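Let me begin by presenting the structure, written as structure tokens, before commenting on it.
Here the structure is a predicted model, which is why all the values come from computation and not from measurement. Residue numbers count from 1 along this sequence.
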Amino acid sequence: MSEPIYVPALPARWSALTAYELLTPDVRTRVAPLWTVPPRVGGSRTLGTRPFHPLDPDPSALACHLRTALRRLVAVQSGLPAWVDTFHAEDEPWHLVTEFRHGLAGTPLRPVTGVERDVRQQTASAEAARASGNGLGVRVLLHALPDERMRDEVGGLLERIGFAHCPVDLLLDLGGVDNEHRPAEKWALRALGLLGPLHHWRTIAVLAGSFPRTFPEGYGAPLAEAQRFDWDLWHMLVDGPERPRARVTYGDYGADHTGGADRPGTAGGGSPWGVVRYTTDRTFLLGRVPTQGPDHADAIRALVREIVEAEDFRGAEFSEGERWLSSCAGGSGSAGAGTPAVWLRAGHVQHMAQVVRGLRRHSCPTVLARRNRLPGITLGSVAGTVLTNTGLDSFLDGAPEHRDPAFARAAEAVLGLLALRGADRATGVPEPTPGLVRQLLVEDLPTFVYAPPDELAAYPAVLGALAARFDGGRRERIAVVVAESAPDFERAMNDPGNLTWHRWYASLLRTVGADLADPEDVRRRLAALDGAPLPDGVRRAHLMGRTALADVLLAEALTRAYVRDAETPPPAGPLLTDHAVATGIGRLAGALLDRWTAAGLAEQLAGPYARFAPGPEAFPHLVLADALLDEHLDYYGDPAAPVPPPPAIEAGPVEEDADALIAAVEELAEEEFEPYGGEAPHLLYAVYQRGCSADSVARKAAEYEDWSVDPALEDLPVPVPDAAPDTYTTPPVPELVRLLGTAELNEADRARLEGPARDLAVVLDRLAATGLVFRAGDAFGLTPRGAGVVRYLLGVRGVAAPDAAEAVAWTAPDVIAAAGGWSTSVAARVLADWLHARADTADAWSQLLAALGTVHAGTAEAAATRGLFAVLDTAGAPPEALRGALRDPVIGAYALEALRKRGEPADPIQVRTSARALHVLDALPAKKGPLESRRAAFDTAAAAWPGGSAALVRAMAAADRHETERVLRPLGIALP
């Protein structure tokens, strides 16, 4: 694809990430962000300055922080390229190799390195770039006039990473340029002169930031102005008499100052003071606003109105940033007035859209003049065939059977999508390749096209007929791919998870007998579909998200196709005419969807029936869903890892409840609720992850205050009183000892915890005002209705969140695998429910016991899995199931012990050596207690083992080497 015209350096925070997602497709395709992952903990840092020692105390948590950030960036980019700078997550460079290998493989992200980075980081970046083929960026931070020493350092870095044999980008970062007297232009020209000849750079970007770090005192109008010196600098570079010969791409720091990514936190980031902002051609308009107080919303709206009424305001239709500003200016009350993170998001959106417009205007009037005719608004109508020169007519003329209506519809979609994806049309029709055919069948058709089940076979048939027109074995190769992909194609076309609004309503219209080729019939019958139930397991948010993604993908494909044909005109002629593009990419995409789903449907869903297909603005609670997804990834690292099912869920208006919950969460992010207001998403997730059992306010406050809490007691159930006073009071000392596991606590400690616990109770009480959370004395949790809302929010972001009925329907291996990641009390409840659902039969018990030994076998999780035997109520197990488990190589000794406790006969001869060794291993104190007592426990067990300690160690290692090493290595015992 074409390289970007704009490189904004943005922090990987909610405000910037969602701002990028809100850009229109024609803007997004020209923007390639330089994402910087913020630190996880600690104070503010300086980019490029390596600490003398690691600043993050928890390397595992840091690795998880980086992993989560990379996953979020991959999702946000949706296949478009971007750079990712992990400098603030490089305290321990050893973990970068693994995180880069798994986090960047198969993604559009390009790692960033630099001369000040650890050699291990440089090598890991190069290896990741080589594996992905996407290349990498070299970020050069300029703090002074560059010299030959800097050139030699960069040259040395290029030699070290040369083994990657991949494209390399030069990201020249001048940092803050906040006055016109700083010699930034001289520095940049000197750097380009020194570094330009070192390498054949794919992209050369010059970045600088001029958004101010400080703001004039006082609230209210008039608006302050700050000069965009970074914009002036770039123009002096590319238009000045000493302009470099190489193409220099413009870069800045968006609508934030250069330190936006240098401090930890996940609440949105940005400037430390509340500010609304707007970007004009040469300046920033700034309005400082209060973030709290009885009249703060009025003050915010007054300042926003100043922006909206300013001469340079571009109108509400220019971007989502202007739309939000206009809505805020015309609103009333606190709702919709925003928070610092929301103001920053709006600022980033309008700023990036304005910069792209300015760069397009600056570009030379040849090919780029055609690009400038890619508006995001509708200027006319699209008539006739949308895509031209696909060879459709000649293809359909090839044989009489090709005129079958179903075959013709399939041919139009297949040829059109292949051409959009860049298939060679030199022979007059798109030439299929195995890669394009696979993408067409399992990605593009299930995303854009509706076809009834009886017409699905036409699409592989079209591909076969198309391949037959080419020589050189093309027909056979395509036939193999089609045959291999056919099951996935049918599954994807029928998968409710792939539905968009257009595909869903097209299927409903066909069900009620509509003529999908007749726009009038479609319009007439659409009204009868109001309130039609969705397929099982599908939410409106799913359809909205899938539709939004499809819109972006189709608009990007159209944009790329138009630019591709403009840069290299194909012999077959352009796929999109200038006249068609002048109507707007959005209108073109809608016309294609009409031809691929139902005629006139796109216009109806965008107009009179827009309520049938709500967009992102109807789902403000998805911001909270994203936060809960981040919490889940921090905890489990995988959205497919299931959270426990709540014991009870009460049905309610889940979307309205979720909107109420996000309103409370956003309110709690205000300064008046510090220090715990920003923890609301974590509190909601944490209590759900407990299986919705009540937690303790005091225990949670103690954790936040870094008190010592016994990990074994973190999931200890908390009694919920029938009645409790509204005012929060810390539990008495004996109860605190029970909750925290610290025997030395006294009244002074209780008094010290009182303040933090009260602050946390205030946050919980605000959440409880929604009716979705409760607090009764020291206990808090989710109400059954609240549990349903959190489950919904997790589900819309793809987190496995079963209810009780789904969990008991799992197979034995699945329920055991899931229970291994849950607390003991939750695992006991769910496993008991699973057995009860099968009437506690011997067969059910046998399945469950067998799974304890096979799930996660040979991994580090095997010990925790077989440890689930202890949560089973074996007193009520059928004796034949336990006797049958005696021969199990993993849990045979556990079964023997259970039978003996019940006083029932059992044959110990049947228990295998491996099972006995594991039973001894699991009984050792592991890493708890003094080293001497742990060694003594092993020696005692070894003395009773046939053959002594050496034989016991061999048996343990053969049965579970991971756990044996974990337990015995600290004792100085070597494994064979």
Side-chain angles (χ1 to χ4, degrees), residues 10-14 16-18 20-21 33-42 45 54-79 81-113 117-118 120-132 134 136-137 261 263-267 269 625-643 681-682 685-686 689 794 797-800 820-821 856 859-861:
L10 300 172
R13 303 184 192 275
W14 174 84
L17 292 165
T18 52
Y20 179 75
E21 289 182 304
L34 167 55
W35 295 108
T36 301
V37 178
R40 188 183 72 89
V41 295
R45 304 191 186 186
L55 300 180
D56 195 309
D58 189 340
S60 297
L62 179 61
C64 188
H65 169 70
L66 175 57
R67 189 180 315 128
T68 300
L70 293 178
R71 285 176 174 166
R72 181 70 173 123
L73 290 174
V74 170
V76 165
Q77 287 301 130
S78 297
W83 294 273
V84 55
D85 192 336
T86 61
F87 182 84
H88 294 316
E90 295 169 7
D91 289 12
E92 297 282 359
W94 59 266
H95 71 268
L96 295 174
V97 174
T98 300
E99 300 306 331
F100 280 1
R101 182 188 301 122
H102 297 299
L104 302 182
T107 78
L109 299 182
R110 305 166 179 175
V112 170
T113 190
R117 314 295 173 101
D118 188 285
R120 290 168 292 178
Q121 191 275 347
Q122 297 169 350
T123 303
S125 298
E127 289 178 346
R130 178 175 62 177
S132 70
N134 293 326
L136 79 162
R263 59 190 181 279
T266 57
D626 288 335
L628 293 174
L629 171 61
D630 288 343
E631 292 287 341
H632 184 79
L633 292 175
D634 283 343
Y635 198 94
Y636 288 105
D638 185 356
V643 286
H682 171 73
Y685 178 82
Q689 197 279 331
L794 290 167
R797 283 300 181 245
V799 175
H856 297 311
T859 71
E861 290 78 33

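Closest heavy-atom contact between Gln122 and Arg117: NE2-O, 3.3 Å. When all heavy atoms are compared, the tightest approach of Ala627 to Pro681 is CB-CB, 3.9 Å. Closest approach of Pro38 and Arg13 over heavy atoms only: CB-NH2, 3.7 Å. Between Arg110 and Pro81, the shortest heavy-atom distance links the atoms NH2-CB, 3.5 Å.
Not counting sequence neighbours, the partners of His682 by the side chain to side chain donor-acceptor pair (under 3.5 Å) test are Glu631. Partners of Thr68 under the side chain to side chain donor-acceptor pair (under 3.5 Å) rule, at least two apart in sequence or in another chain, are Asp634. With sequence neighbours left out, Ser78 forms a side chain to side chain donor-acceptor pair (under 3.5 Å) with no residue at all.
Distance check: Asp638 CG to Leu633 CG gives 8.0 Å after rounding to the nearest 0.5 Å. Taken to the nearest 0.5 Å, the NE2 atom of His88 stands 12.0 Å off from the CG atom of Leu62. The distance from the CG atom of Asp85 to the OG1 atom of Thr36 is 4.5 Å, given to the nearest 0.5 Å. The line from CG of Asp118 to CZ of Phe87 is 10.5 Å long, rounded to the nearest 0.5 Å.
Residues His65 and Val37 have side chains in contact (heavy-atom distance under 4.5 Å, counting atoms from C-beta outward). When side chains are defined from C-beta on, Thr86 counts as touching Leu66, because their heavy atoms get closer than 4.5 Å.
Side chain of His632 to backbone of Ala800: no donor-acceptor contact under 3.5 angstrom is found. A donor-acceptor contact shorter than 3.5 Å is absent between the side chain of Tyr635 and the backbone of Tyr685.
Side chain to side chain, Ser125 and Gln121 meet the donor-acceptor criterion of an N or O pair below 3.5 Å.
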**OP:** Quick one: do Asp626 and Arg72 satisfy side chain to side chain contact (heavy atoms under 4.5 Å, CB included)? Show the steps, please.
**Re:** CA-CA 9 Å; Asp626 288 335; Arg72 181 70 173 123; 3.5 Å; yes
Original post:
Are Asn134 and Leu109 close enough, and set up right, to give a side chain to side chain contact (heavy atoms under 4.5 Å, CB included), and what steps lead you there?
Top reply: CA-CA 7 Å; Asn134 293 326; Leu109 299 182; over 6 Å; no
**OP:** Mind running side chain to side chain contact (heavy atoms under 4.5 Å, CB included) on Leu104 and Val84 for me, showing each step along the way?
**Re:** CA-CA 10 Å; Leu104 302 182; Val84 55; 4.2 Å; yes
Original post:
Should Leu73 and Leu17 be marked as a side chain to side chain contact (heavy atoms under 4.5 Å, CB included) after you check the CA-CA gap, both sets of side-chain angles, and the distance that decides it?
Top reply: CA-CA 8 Å; Leu73 290 174; Leu17 292 165; 3.5 Å; yes
